[in-house]
Chemist: 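Please read through the structure below; I'll follow up with questions.
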Amino acid sequence: MNNYRSHYCSQLNSDNLGENITLSGWVDTIRDHGNLIFVDLRDNYGVTQCVIDGTHKLFREFSKISNESVLKVTGQVVSRSNETINKNLNTGEIEVKIDNYELLSKSDVLPLPVNSDIEYGEEIRLKYRFLDLRRNKLHSNILLRNKIISDIRKKMNERDFIEFQTPILTSSSPEGARDYLVPSRIHQGKFYALPQAPQQFKQLLMIAGFDKYYQIAPCFRDEDSRADRSPGEFYQLDFEMSFVSQEDVFNAIEPVLFEVFDENKKNKDIKVSPYPFKRIPYNEAMERYGTDKPDLRNPLIIDDYTDIFKGSNFKIFSSQIEKGSVVKGIIVKQSGEKPRSFFDKLNSWARDEGAAGLGYISFTEENFKGPIAKNLNDEELKSFKLDDKDSIFFICDKLKEAQLFSGKVREKICNELNLLNKNSFEFCWIVDFPMYEIDEKTNKIQFSHNPFSMPQGEMEALKNTDPLDIKAYQYDIVCNGVELSSGAIRNHKPEIMYRAFDIAGYSKEDLEEKFSGMLNALKFGAPPHGGSAPGIDRIVMLLADEPNIREVIAFPMNQQAMDLMMDAPASIDKERLEELGIKLIDKN
RNA sequence: GCGGGAGUAGUUCAGCUGGUUAGAACGCUGCCCUGUCACGGCAGAGGCCGCGGGUUCGAAUCCCGUCUCUCGCGCCA
């Protein structure tokens with residue numbers, strides 16, 4: 001291969017017996033037997049055991065080598081005796097008898113061990129990320145990430161999507177998350193913004209006639225982190241298509257996602273839901289799952305039982321219903337014989353969550369039990385249509401609160417009873433998102449998602465429908481309860497855009513000031529177009545089966561949006577600030 | 001900004017309702033060891049118990065404040 005190595009540390013086997021070879025890599029482990037030393041040499045590809053004994057002239061010097069030092073080893077490939085073959089290693093049938101070695105780089109005492117998979121605190125792992133990245137788990141996660149991204153590129157290219165790069169230094173957009181800002185030296189007092197997504201650029205590329213766009217796009221949002229949301233930056237498979245309706249977008253991306261998941265899943269037993277993926281209207285998702293990102297691996301379903309309780313003798317619910325509340329219920333199979341403590345525990349959990357409680361009825365051997373049952377008559381009880389050993393849990397509240405809390409109950413019971421089918425990826429589309437919503441603080445109408453989405457019914461709907469009833473051609477793709485992406489058919493008609501923004505309280509002048517580039521482009525012949533942007537990091541996270549997004553990013557920031565290794569953000573010299581015309585103020 | 005959890009050796013952790021000299025494992029140093037693969041054995045070094053204050057005869061332990069990490073809420077068109 002070259003002067004440093006003739007083989008990788010994964011390559012040698014009994015076919016190479018007798019060959020003189022050269023390996024380079026890190027010292028994974030040393031086993032010093034006094035007059036015999038074993039060293040496992042590790043590189044990106046694997047591990048090979050090397051051995052040296054006390055008769056060798058370099059033996060004493062060799063015995064001082066520390067873990068994670070970098071060695072070049074030359075020697076002969078020899079077979080291991082039957083008893084000493086290591087079946088856990090690809091190279092376990094052979095070892096390298098060291099003839100000569102060169103210490104290419106010495107390692108100090110390690111702040112965290114590389115050759116073990118035990119969990120370590122994140123602070124130390126982030127500070128010494130290069131060591132953490134040498135460790136098995138992270139190393140293979142990053143290799144998986146590469147595989148996924150290169151698969152995506154291949155599949156998008158095959159489907160005639162064209163890869164673009166769009167500006168990183170661009171302008172701030174008034175809607176959405178906080179922007180990261182970059183001061184301009186030439187235009188003092190003005191700022192670039194890092195793109196939250198290449199939204200406008202990809203639309204402009206459609207207007208420019210490129211037909212199908214994609215990009216593995218970096219997105220920057222100054223928002224607080226979550227386990228599945230890295231602060232600062234993340235990557236999307238951003239794509240957009242011309243002359244398409246919503247179904248065309250779905251048909252284009254479904255096979256890509258299916259294949260990427262099916263080809264990169266951890267083991268063969270995992271099932272990926274086949275396309276076409278389930279389409280669930282937003283309202284139905286809220287009714288049946290209590291969330292707009294349902295985990296379809298969870299078999300529990302929420303139903304409405306308001307009619308049964310309306311006017312019933314169970315006054316707690318019936319009086320609430322008169323005030324406008326609804327009753328949601330979740331039937332749980334095979335839970336009717338659970339001990340009283342099971343139901344009590346859930347009830348006290350519900351109280352901790354701020355609910356009044358969690359009422360239930362259980363049905364075993366033709367008997368209805370539980371605190372609610374005695375308040376209902378036979379007919380009412382039968383209308384729940386319970387099977388033997390079923391129980392049903394009830395949530396009574398105002399519609400939105402009841403939906404959201406039912407969603408939590410659905411998740412909680414699923415966890416308690418271990419109902420989740422862990423061996424599957426269940427995709428669905430959430431469609432028909434409302435175009436507008438009420439801001440609960442200001443009571444004003446605002447866009448509920450992307451303001452550039454096309455309202456269903458177009459101008460006609462904007463003119464003649466209650467804004468809160470208008471749906472948008474706006475959709476999310478959800479997998480296992482994780483929101484992978486948001487997308488839309490865009491509004492490509494300026495007159496509809498003026499009207500849509502007018503409803504949300506933006507004047508024509510506002511719109512022209514904020515989105516002049518975009519609006520201008522729409523006036524010179526814009527094709528109908530739409531797309532979406534699945535999150536790459538979240539896809540890798542699902543496929544690597546990691547609960548935390550930082551485990552699939554090579555150099556993530558911590559929760560406080562700091563890079564502990566590079567020490568970012570950092571203070572800037574006074575001279576540099578002056579050059580930019582920036583003066584710092586002391587907020588304290 | 002708010003709430004939960006955590007902070008003890010280089011690292012991961014234990015340390016009870018307050019009570020002698022704060023422990024273990026891994027790592028490190030020295031010695032012994034020719035078939036291990038998380039090698040083994042013996043000995044040793046290593047601690048502002050996050051920081052500040054308080055209660056107490058006595059605080060790693062209880063109380064208050066503060067900082068840091070993490071999970072969640074807010075936020076995320």
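Being a predicted model, the structure only gives us computed values, none of them experimental.
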Chemist: In terms of the angle between their ring planes, are W429(A) and F250(A) parallel, tilted or perpendicular, with boundaries placed at 30° and 60°?
Modeler: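 The rings of W429(A) and F250(A) lie parallel, inter-plane angle below 30°.
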Chemist: Within 45° of the ring axis of Y213(A) and under 6.0 Å from its six-membered ring centre, is that where the NZ or CZ of K202(A) lies?
Modeler: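 No; the conditions do not both hold, so K202(A) does not lie above the ring face of Y213(A).
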Chemist: Please give the distance between the C1' atoms of rC57(B) and rU12(B) as a whole number of Å.
Modeler: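 One C1' to the other, the span is 36 Å.
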Chemist: Quick check for you: among rC37(B), rU70(B), rG27(B), whose closest atom lies nearest to any side-chain atom of L89(A)?
Modeler: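 When the side chain of L89(A) is considered, rC37(B) is the closest of rC37(B), rU70(B), rG27(B).
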Chemist: Name the residue closer to the 5' end of RNA chain B, choosing between Q49(A) and G121(A) according to the nucleotide with the nearest heavy atom.
Modeler: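 It is G121(A), whose closest nucleotide lies nearer the 5' terminus.
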Chemist: Using purine N1 to pyrimidine N3 plus N6-O4 or O6-N4 for Watson-Crick, or N1-O2 and O6-N3 for G-U wobble, each under 3.5 Å, what pairs with rU66(B)?
Modeler: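 Answer to the pairing question: rG50(B), which forms a Watson-Crick or G-U pair with rU66(B).
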Chemist: So what's rG30(B) paired with, Watson-Crick or G-U wobble, going by both distances under 3.5 Å?
Modeler: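 Across any shown strand, rG30(B) pairs with rC42(B).
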Chemist: Expressed as a whole number of Å, how far does the C1' atom of rG15(B) sit from that of rC2(B)?
Modeler: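 Taking atom C1' in both rG15(B) and rC2(B), they lie 33 Å apart.
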Chemist: Using ring-ring contact (aromatic ring centres under 6.0 Å, His included) as the criterion, list what pairs up with Y8(A), not counting sequence neighbours.
Modeler: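 For Y8(A) the ring-ring contact (aromatic ring centres under 6.0 Å, His included) partners, ignoring immediate neighbours, are Y45(A).
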Chemist: So, OP1 or OP2 of rU36(B): does either fall under 4.0 Å of a side-chain N or O from R31(A)?
Modeler: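 Result: no.
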Chemist: In this structure, how many angstroms lie between the C1' atom of rG72(B) and the CG atom of N548(A), rounded?
Modeler: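 Rounding to the nearest Å, CG of N548(A) and C1' of rG72(B) are 13 Å apart.
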Chemist: With rounding to whole Å, what would you report as the distance between rG46(B) and rA9(B) at their P atoms?
Modeler: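 Between the two P atoms, the distance is 15 Å.
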Chemist: Give none if rA24(B) has no partner; otherwise give the nucleotide forming a Watson-Crick or G-U wobble pair with it, both distances under 3.5 Å.
Modeler: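 Looking at the geometry, rA24(B) pairs with rU12(B).
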Chemist: With side chains defined as the heavy atoms from C-beta onward, is the minimum distance between E123(A) and L564(A) less than 4.5 Å?
Modeler: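 The answer is yes, as the side chains (C-beta and beyond) meet within the 4.5 Å cut-off.
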Chemist: Under a 3.5 Å cut-off for both distances, is rG58(B) Watson-Crick or wobble paired, and to whom?
Modeler: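 Across all strands, not a single nucleotide pairs with rG58(B).
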Chemist: Who is the Watson-Crick or G-U wobble partner of rG3(B), with both distances under 3.5 Å?
Modeler: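 In the structure as shown, rG3(B) has rC71(B) as its Watson-Crick or wobble partner.
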Chemist: Need to verify one output field. Residue with the more 5' nearest nucleotide on RNA chain B, Q559(A) or T84(A)?
Modeler: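 Checking each residue's closest nucleotide, the 5'-ward one belongs to T84(A).
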Chemist: Whole Å only: how far is the NE2 atom of H33(A) from the C1' atom of rC31(B)?
Modeler: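 The answer, rounded to whole Å, is 17 Å.
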